[in-house]
Amino acid sequence: MNRTRLVGGLVALALAAALGACSTRGGMDGGAAGRAGAGAGYGDAAGGRHGARAAGYGQDAAGAAPRPSQTVILFGYDSDDVLPQYQPVVAAHADYLASHPGESAVLEGHADERGSPEYNVALGERRARSVLKSLRLQGAGDEQLRLLSYGEEKPAVAGHDESAWQQNRRVEIVYTGP
Amino acid sequence: MIRFPSIPPWLPGLLALLAVTARAELTVDITQGVEGALPIAIVPFGQTEPAGDNLAQIIAADLESSGRFTPMPAAQLPERPVPPGAVNFPLWQSAGQEHIVVGRVTPGSAGAPFEAEYVLYDAIRGSQLLAERVAFKAADARRAAHRIADRIYQQLTGERGVFATRITYVTASGSGKSRTYRLYVADADGQDAREVISSPEPLMSPAWSPDGKRIAYVSFEEHAAAVFVQDLATGGRRKVSATPGINGAPAWSPDGAMLALTLSKDGNPDIYTLDLVSGALRRLTQDDAIETEPGFAPDGRSLVVTSDRGGKPQLYRLPVGGGEPQRLTFDGDYNARGQFSPDGRSLILVHGDGGAFRIARLDLGTRELIPLTKGRLDASPSFAPNGRVVLYTRKESGSDQLATVTIDGRRHRALPAKAGDVRGAAWSP
C-alpha cells in the first residue's frame, strides 16, 4: 500500500513538473478551461502535499492534503482527454482521496447538448472514466470512486452556443463523505 | 493529444446569421409541401356542442400535416352543406376539388353523449366513399376528429392513418435545485398532453412497447441510472435494470418480450438484451468503443446501433443472434440514434454535418442519405407507425421544440409542447 502511494506521489510530482512545461501552451478549447485551471492556484497545494508525503506518506491526518476546492474539470469537444491545466486538479483530488481512505466521491460525467442524448451519456461516462483512471493511477482507491454520467441532461450553463457548451463538457467530482 | 483552436471573435455572429438563414429556408419548405398533394375540402361540421374547435378544423390540420393532402382554405369554400342537406357537385368540380367531407355532431346516448356523422364524397362522380358515425364524450372530441381523419386518409391513400396515435416526450424546466423533469404523453398533434411522471433528476429516452400500453424510460431518481417500465393505464411501474454505470437507451423487441439496452457495467457502454420475463441478460457487443442507441429491425433479427469503433459515431447493423456488426453510414463524421422504418427499408437518424445536427433518412437499398431538416440541434427522430412522418426535437432559441417532417422532407409542422427544454420524443405504435 505504502509503495503504491509512493509511486502515486512520484507520478503526481512528474505531472506537476509537466504543468510548468504546459502552461505556456494554453489556448485549448477557448479560454474558459485555461482560466478555470489557472484560478485555483494548485501550485502551492502541490508543493505542500509533496512535502507531507516525503515526511511520512500522508499518514498524519493533520499533515494530510485538504479537500480540493476546485471540483469541475472541463473537456474539449468530443474528447475525454484531461487537459494539462486540469492535471494538477486531478492530482490534488487523488492525493486527498489517498490520504482519506474513508472518503468517497461520485465522478459525474457531462456532455454539451450537441448530437444525440444517449450518445452523450456514453461520452459523459468516458470523460468520468478518464478522470477515474487518472485518480486511481495517483493513489485513489477503487472503492472510493463511482461513475455517473448525465450526458447533456444537467447543463451547468443554459444556452445554445459555444460559450455555454464549453462549460457543460465537464466532470464534476462530488464528495459523498466518509 | 487533440488540440482545439480558440474561437475567433466573428464566429458567434456568423453562427447567428446561419441560424437565421436556416429558419428562412424552413419557411420556404412549408410552401413547397403543397406540390403533389391531393386537394380535399373539409366543410365545417354542423356543430354547436361540444365547445372547442370544429371537428372539420382538426381533420383538415391532420390531413395537411401528412403531406398527402391540401385542404381547401375555409374562406374559399364555395358552399357549406351540412348533412342531410344536398351537395352541389358541379360547384365543387369547378372549384378544383375532387373530394369533399361534410358532417355534423348530434346528441348521442348516455354513455357517449355526442355522435359525429360524416360523409366523404367523390366530387367527380358524385358518389359516397365513406358514410359513418363516431360516438364520443365531450372530452374526447379531438380524438373523434383524429379517428375520422384516419378513416379518410386510409380510404384515399390505401395506407394506415396515424392521427389517432400518440407521442411521448420529456421536458426539463427550471435550473439548479428547482430543475424538474417531466415525461408526457400527448396526442399525435401535440394536444392534450398528460404528465406520466415527474422527477427532480433526469428522465430520458422514453420508448413505447409494441402494444402501446407501456413506456420504458431511463430515470436518475436514485442518483444512478435505471430503466423502468411503466403501465400507462394503471401508472404501475417496474425497475427492470439498475446495474452499475449506464442503464440507457431502452428499445423494445417487436414481440414486446425483450428490451435492448446500453449497459456499462462491464467497463464501457455495450449493447445487451434483457428478457422481460426471465430477467436474463445477454451481451451482444464487447469492445473498447462506445456502443449505444439500439433499435430493432421490424423482423427482430438485427439491431441498428451507434458505435464509435471506427473513431467517430456511425451506425452499424448488429445481428441479434451474434456476429460481426456491419457498418451502414459513411457520409460525414457523426451519424447516431438510428431507427428502422416500419418496412425495414430505411433508417431515420441524427446526422452531424459541419457543426449542425439534422434529421436524415438513409435508404438501405441505395445507401443514399437524405437530409430532412435544416436545424442546428435536431435530435431524437422517431417514425410514425405508418413510416410516412418523423417526429423529432429542435433546440433553436425561440422556436417550437417539437416538430414533424414528412419523409420526403417537404412538409414541416411544429407541434405544441409543454414548457421547458423538450427532449427524447417518441411516436407510439
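Letters A, B, ... are given to chains in the order of the sequence lines, protein chains preceding strands, and every chain is numbered from 1.
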I'd like to know which of [options] tops the heavy-atom pair count under 4.5 Å against chain A.
options	result
M204(B), R337(B), K312(B)	M204(B)
P313(B), G176(B), G424(B)	P313(B)
S264(B), A356(B), S380(B), A336(B)	S264(B)
G267(B), P381(B), A379(B), G352(B)	G267(B)

Quick check on [X] against chain B: is it the side chain, the backbone, both or neither that has a heavy atom closer than 4.5 Å?
X	answer
E153(A)	both
R114(A)	both
E152(A)	both

Open item on the list: As an exercise, state the distance from CD of E108(A) to CZ of F220(B), rounded to the nearest 0.5 Å.
Closed with: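 Going from CD on E108(A) over to CZ on F220(B), the span is 10.0 Å.
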Sort [X] into side chain, backbone, both or neither according to what part of it lies under 4.5 angstrom from a heavy atom of chain A.
X	result
R423(B)	side chain
A225(B)	backbone
D270(B)	neither
V170(B)	neither
H223(B)	both
I246(B)	both
T292(B)	side chain

TODO: Considering only NZ, NE, NH1 and NH2 on the basic side and carboxylate oxygens on the acidic side, decide whether D308(B) and R126(A) come within less than 4.0 Å.
DONE: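 Here D308(B) pairs with R126(A) in a salt bridge, since their nearest N and O are under 4.0 Å apart.
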Open item on the list: Which label fits Y334(B) and Y119(A): parallel for a plane angle under 30°, tilted from 30 to 60°, or perpendicular past 60°?
Closed with: perpendicular
Task: Any side-chain heavy-atom pair of S175(B) and K154(A) under 4.5 Å - done: no
Open item on the list: Looking only at side-chain N and O atoms, does E118(A) offer a donor or acceptor that is under 3.5 Å from a partner on T262(B)?
Closed with: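 On atom types as modelled, these side chains do not qualify, holding no pair under 3.5 Å.
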